[in-house]
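The first residue of the sequence shown is numbered 1, and numbering continues consecutively from there.
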Amino acid sequence: MTMTIEDVRDNAAWHSLTGAHAHLAIGDDLVRRYPDDVAGFVGVRTWDDPAVWDSLVQVVGSGGEFSISLSSGAPEPELPAGWSETFRGAGVQLVETDRLRPRPDDEAVVLGAADVPDMLALVERNRPGPFRPRTHLLGRYIGIRRGDRLIAMAGERLKPGGWTEISAVATDPEYRRQGIASRLVLDVAFHIQQRGGLALMHAAASNVNAIAGYEKLGFELRRTTNFVGVRIP
């Protein structure tokens, strides 16, 4: 069974941790991870090497948990005895097309360390996906405030090769259906393109409304994925 990954987008965490985010990486030549307060992703160079399981124990730690993304329909690595799957969710990967028309947003402000409490509170209210106290170090994050309240945000997460993932797209319920999330996605995509990069996104397969919105903006489905959580004994 061959598990070698050739396209950087199919192994985004590994190519981020050995590329743009190498300064944050913890690990070795087979397995790398982010600090716990940055992200829960683990990057694996290849599942073909039997030593990968020992590397995971060394890098993540006994009793630790990590998350990986696997292509739907592709062969999956068989967990060793005692290892357990903690969650599994179907997802999609979307990539930009020539239809995408990114543009900066005049109301968006750049978010940083001082904004982390507000960012975490917004994530807690809206549950767009994992976001931790230092996730903002992964890239450029922006938001929109109304008064003192952060009501929407979006930013950059994984950076495999010349691609940058747009993530943490969140808008408070009372401000939805006003196009705010779309504006922020287009702003993030604009700055990615200004740096010579390309934008991609991940979403839960069940989030059909968000997926339809991203497709309307100019993204298209590239592949389906399985987001899998694993616990080491």
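Side-chain contact annotation: Asn126 with Arg176, donor-acceptor N/O pair under 3.5 Å present.
No side-chain heavy atom of Gln93 sits under 4.5 Å from any side-chain heavy atom of Met201. Taking 4.5 Å as the limit, every side-chain heavy atom of Glu215 sits out of range of all side-chain heavy atoms of Glu220. Counting only heavy atoms from C-beta outward, the side chains of Arg45 and Val31 never approach each other to under 4.5 Å. Looking at heavy atoms from C-beta onward, Val169 lies in side-chain contact with Tyr214 at the 4.5 angstrom threshold. Under the 4.5 Å side-chain criterion, counting only non-hydrogen atoms from C-beta, Asp118 is in contact with Arg145. No side-chain heavy atom of Asp54 sits less than 4.5 Å from a side-chain heavy atom of Gln58. Counting only heavy atoms from C-beta outward, the side chains of Pro77 and Leu70 approach each other to under 4.5 Å.
Grouping the Ile, Leu, Val, Met, Phe, Trp and Tyr side chains by contacts below 4.5 angstrom, directly or via other members, places Ile180 apart from Leu111. Cluster annotation: Val109 is not connected to Phe190 through the hydrophobic network of ILVMFWY side chains, with a link wherever side-chain heavy atoms come within less than 4.5 Å. Connection of Ile151 to Leu120 is not established within any shared hydrophobic cluster, with ILVMFWY side chains joined at heavy-atom distances below 4.5 Å, either directly or through further cluster members. There is no path of hydrophobic side-chain contacts, each under 4.5 Å, that joins Trp14 to Val52. Both Tyr141 and Val123 are part of a single hydrophobic cluster, where members link through side-chain heavy atoms under 4.5 Å apart.
A salt bridge does not link Arg223 with Asp7: none of the charged nitrogens is closer than 4.0 Å to a carboxylate oxygen. A salt bridge is defined here as a Lys NZ or Arg NE, NH1 or NH2 lying under 4.0 Å from an Asp or Glu carboxylate O, and Arg103 with Asp187 fails to meet this definition. Between Arg195 and Glu156, at least one side-chain nitrogen of the basic residue sits less than 4.0 Å from a carboxylate oxygen of the acidic one, meeting the salt-bridge criterion. A salt bridge links Arg88 to Glu76: one of the charged nitrogens lies within less than 4.0 Å of a carboxylate oxygen. Salt-bridge check for Arg183 with Asp106: failed, with every basic side-chain N at 4.0 Å or more from each acidic carboxylate O. Of the charged side-chain nitrogens involved, none lies within less than 4.0 Å of a carboxylate oxygen, so that Arg99 and Glu96 do not count as a salt-bridged pair.
The backbone N or O of Leu137 lies less than 3.5 Å from no partner atom in the side chain of Arg134, so there is not a single donor-acceptor pair. A donor-acceptor contact shorter than 3.5 Å is absent between the side chain of Ser16 and the backbone of Leu158. Checked by atom type and distance alone, the side chain of Thr135 pairs as donor or acceptor with a backbone atom of Val38 at under 3.5 Å. A donor-acceptor contact shorter than 3.5 Å is absent between the side chain of His202 and the backbone of Gly91. Distance alone, capped at 3.5 Å, is enough to place a donor-acceptor pair between the Asp49 side chain and the Ala51 backbone. Not one N or O on the side chain of Arg157 forms a donor-acceptor pair closer than 3.5 Å with the backbone of Leu138. Side chain of Ser69 to main chain of Phe227: no donor-acceptor pair is present (N/O by atom type, distance under 3.5 Å, no hydrogens or angles). A donor-acceptor contact shorter than 3.5 Å links the side chain of Arg32 to the backbone of Asp28.
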Report, one line per pair, each donor and acceptor closer than 3.5 Å where one atom sits in a side chain of residues 59-67; sequence neighbours left out.
residue	atom	partner	partner atom	Å
Glu65	OE2	Arg231	NE	3.2
Glu65	OE2	Arg231	NH2	2.6
Ser67	OG	Gly40	O	3.4

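Relative ring orientation between Trp53 and Trp47 is described as tilted, the plane-to-plane angle lying within the 30° to 60° band.
Contact detail for Gly143 and Leu150: the closest heavy-atom pair is CA-CD1, 4.0 Å. When all heavy atoms of Gly43 and Leu17 are compared, the pair lying nearest together is N-CD1, 3.8 Å. Heavy atoms only, all atoms of each residue included: Leu184 and Ala108 are closest at CD2-CB, 3.9 Å. Considering every non-hydrogen atom in both Pro160 and Leu200, the closest pair reads CG-CD2, 4.4 Å. For the residue pair Ala181 and Thr171, the shortest heavy atom distance occurs at CB-OG1, 3.7 Å. When all heavy atoms of Phe219 and Val185 are compared, the pair lying nearest together is CE1-CG1, 4.1 Å.
The distance from the CD1 atom of Ile142 to the CD atom of Glu107 is 10.5 Å, given to the nearest 0.5 Å. Expressed to the nearest 0.5 Å, how far CD1 of Ile144 lies from CD of Gln178 amounts to 9.5 Å. Taking CG of Leu56 as the start and CG of Leu30 as the end, the distance is 8.5 Å to the nearest 0.5 Å. Going from atom CG of Leu94 over to atom CD1 of Ile166 covers 10.5 Å, rounded to the nearest 0.5 Å. The CD atom of Glu85 sits 7.0 Å away from atom CG of Leu79, with the distance rounded to the nearest 0.5 Å. Interatomic distance, Leu186 CG to Arg101 CZ, rounded to the nearest 0.5 Å: 11.0 Å.
Around the CG atom of Asp37, the shell of radius 6.0 Å holds more than 12 heavy atoms that belong to other residues, nucleotides or ligands.
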Starting from the C-alpha separation in whole Å, work towards a yes-or-no answer on side-chain contact (heavy atoms from CB on, under 4.5 Å) for Trp83 and Val230. CA-CA 7 Å; Trp83 295 52; Val230 178; 3.9 Å; yes
Does Glu165 form a salt bridge (Lys or Arg N to Asp or Glu O under 4.0 Å) with Arg9? I'd like the steps, not just the answer. CA-CA 10 Å; Glu165 177 194 21; Arg9 295 170 296 180; over 6 Å; no
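Remark: Glu174 pairs with Arg149, Asp172 by the side-chain contact (heavy atoms from CB on, under 4.5 Å) rule, at least two apart or across chains. Residues that satisfy the ring pair (Phe, Tyr, Trp, His ring centres under 6.0 Å) test with Phe41, not counting sequence neighbours, are absent from this structure.
When each of Leu198, Thr164, Val188, Leu100 is tested with Gln193 by the rule side-chain contact (heavy atoms from CB on, under 4.5 Å), just one qualifies, namely Leu100.
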